[in-house]
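The analysis underlying the following values was restricted to heavy atoms, covering all of them including side chains, and did not include hydrogens, waters or symmetry mates. This structure is a prediction, so every number in the text was calculated from the model and none was measured. Order of the sequence lines fixes the chain letters, A, B, ..., with proteins taken first and strands second; residue numbering starts at 1 for each chain.
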Protein chains: 2
Amino acid sequence: MQEVNSPKQKPRRSRPVLVADAIKEWVVKRDLSSGDKLPNESAMIDQFGVSKGTVREALRILEAQGLIVTKTGPGGGSIVGEVSVERTRALLANYFYFQDLSIADIYQMRKSLEPELAASLAGKLTSEQILELRNLADQYPQPAKSAEEEKEQHIASLAFHSKLSDYGKNKLLGFIIGFMSQILTELTLYKQLYEPPNYELWRKGREHQLQLIEALVSGNSNKAREIMASHMQVAETLMKQQEAQIVRRFIAE
Amino acid sequence: MQEVNSPKQKPRRSRPVLVADAIKEWVVKRDLSSGDKLPNESAMIDQFGVSKGTVREALRILEAQGLIVTKTGPGGGSIVGEVSVERTRALLANYFYFQDLSIADIYQMRKSLEPELAASLAGKLTSEQILELRNLADQYPQPAKSAEEEKEQHIASLAFHSKLSDYGKNKLLGFIIGFMSQILTELTLYKQLYEPPNYELWRKGREHQLQLIEALVSGNSNKAREIMASHMQVAETLMKQQEAQIVRRFIAE
DNA sequence: TAAGATTTGTTCGTATGTATC
DNA sequence: GGATACATACGAACAAATCTT
């Protein structure tokens, strides 16, 4: 599997990306972690035998991926920087900018994952966490009086799910659920308001949240799963009513 | 919500970053899509009133995120580039480099998602796709004779799942499953081989693949779901036996 | 094949900004 | 405030890739 004679002429990597790769390798080889210092610019210029401009382009590449953070001044320079969730979500959103996700796609996944998350959290939450959830659920104790208000409630509800995903131990599961909540929130923020508030669905949704909290407190994981599953059905109906389209835009940075 | 007096002194965005943002905005505002041309370097130098070096750093940022592709020569320059799955997976992997994912975390998700995917594909595959799956499943018709051979079979099996995820219409679901297959493949590639081949599990795994293909062809979605669920149990046992640790390394680019 | 034109790629020297001591 | 150490930014020049004729 050599790269010789490969018909797929790979587009020759420019020097900045080669340097960026070299730096990444350097970091991994020494098993550096968040906060550890990298050599400064002039050291890299010597080390890799390239000019300042090239080194700087390489550093911008790593910075764009969230792998390093750079500071000026004495004691400054670049350090390894923990990649943030926000940036990662943004990068993932950029990918789906080109992929035409539908509401149905997102709900196919939510219906599988959210009940699983709820079940895994039953009996595992601290009283502070429970309190936070209650606060979110109580944020809108009355049915929405206008489409605008319903929108706000919908967003608060998504924040509830996002918060829940933070409480789980499974970082992958949490990330994906948080990502979907973000997409749906943006969708809700930007969408047209042409539907009147739906009282029946509102009532069910709120009821679900309260029942869910109760199940989480009592540690009944099967019940938590069931409630969340019903809730997803309701939420899906609500979203599909709006015939919303996924907002196409770059985010990142 | 002004940025004045914000206690959270946000780390002043450098000029390349600002230029990169401006370019992104420019692209979105015109609703450009994959392949459309951006102004060339000198035009940007004029347009933004910055130096060549600054423009180039901005372009490297966008390139690192997969948003543009740059070519030299006449008619060259930068174009909007569809963000590739590979790059996106790599960027996501960078995030989880810091998050200590466990095998259990990944399988909690696989157990939820893979059966769902299987069910959604029942009766929807073309004969070419079925053939490809059969080929992958038939790649190792005999039980592994060595640990090394078992490793190869395990990787082939993951390729089977990856392929399956490509066939679905749900891009988000496909992406996540593909991502997990990739992580597990790397894990398998780099892990120590201290366990002897496990014939019983091998037999079950292969049986599952064949039964699954059959269910997919006949369009029995409930059966497809069930088989995949059992298969996930087996696969999880196999992985956990190895006590593998998630490989920590940067990928990307 | 070869030459010329176009556009990105890379270097260097210099100057400026910024944080620490 | 001044000295120091570092990143940030500019501009001019030259190198390399690639398209056209």
Side-chain angles (χ1 to χ4, degrees), chain A residues 3 6-23 26-27 32 35-81 253, chain B residues 3 6-23 26-27 32 35-81 253:
Chain A
E3 57 173 316
S6 172
K8 265 211 170 178
Q9 39 154 2
K10 65 176 72 172
R12 273 197 172 15
R13 303 153 83 75
S14 64
R15 246 184 267 216
V17 308
L18 291 175
V19 172
D21 286 345
I23 296 173
W26 191 87
V27 168
L32 300 188
D36 293 338
K37 250 173 105 34
L38 268 58
N40 64 24
E41 279 189 6
S42 50
M44 290 187 183
I45 292 170
D46 297 343
Q47 184 170 347
F48 300 113
V50 295
S51 78
K52 195 174 31 189
T54 303
V55 167
R56 287 181 59 74
E57 288 183 34
L59 293 176
R60 289 296 84 68
I61 291 172
L62 298 175
E63 209 175 51
Q65 298 175 344
L67 299 176
I68 67 167
V69 178
T70 301
K71 264 179 30 182
T72 61
S78 300
I79 58 173
V80 178
E253 239 304 311
Chain B
E3 56 173 316
S6 171
K8 263 209 170 177
Q9 37 153 6
K10 66 175 71 170
R12 288 140 96 61
R13 302 154 82 75
S14 63
R15 241 182 270 213
V17 177
L18 292 173
V19 172
D21 285 343
I23 296 173
W26 189 88
V27 168
L32 300 188
D36 293 337
K37 252 174 103 39
L38 269 59
N40 63 24
E41 280 185 5
S42 50
M44 290 186 182
I45 292 171
D46 297 344
Q47 184 171 347
F48 299 114
V50 296
S51 76
K52 184 178 162 101
T54 304
V55 168
R56 287 183 57 78
E57 288 182 37
L59 293 176
R60 287 300 82 69
I61 290 172
L62 298 174
E63 207 175 54
Q65 299 175 342
L67 299 175
I68 67 168
V69 177
T70 303
K71 263 178 34 180
T72 64
S78 299
I79 58 174
V80 180
E253 240 300 315

Whole-Å distance between [N] [atom2] and [X] [atom1]?
X: B:L59; N: C:dT10; atom1: CG; atom2: C1'; value: 15 Å
X: B:E41; N: C:dT8; atom1: CD; atom2: C1'; value: 5 Å
X: A:D46; N: C:dC12; atom1: CG; atom2: P; value: 11 Å
X: B:K37; N: C:dT6; atom1: NZ; atom2: C1'; value: 11 Å
X: A:N40; N: C:dT18; atom1: CG; atom2: C1'; value: 16 Å
X: A:I79; N: D:dC6; atom1: CD1; atom2: C1'; value: 14 Å

With sugar-phosphate taken as primed atoms, P, OP1 and OP2 and all else as base, the protein-contact string of nucleotides 9-21 of chain D at under 4.0 Å (heavy atoms; B, S, -) is BB------BBB--
If you count every heavy atom of other residues, nucleotides or ligands that lies below 6.0 Å from A:K71 atom NZ, does the total exceed 12?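 Check fails, neighbour count at 12 or below.
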Is there a side-chain contact between [X] and [Y] in this structure, where contact means two heavy atoms from C-beta onward sitting under 4.5 Å apart?
X: B:M44; Y: B:L59; value: yes
X: B:T70; Y: B:E63; value: yes
X: B:R13; Y: B:D21; value: yes

When you look at A:E41 and A:K52, which way does the salt bridge (charged side-chain N to carboxylate O under 4.0 Å, His left out) test go after all the steps? CA-CA 7 Å; A:E41 279 189 6; A:K52 195 174 31 189; over 6 Å; no
Any chance you could measure B:L62, atom CG, to B:I68, atom CD1, to the nearest 0.5 Å?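 Reported value, rounded in 0.5 Å steps: 5.0 Å.
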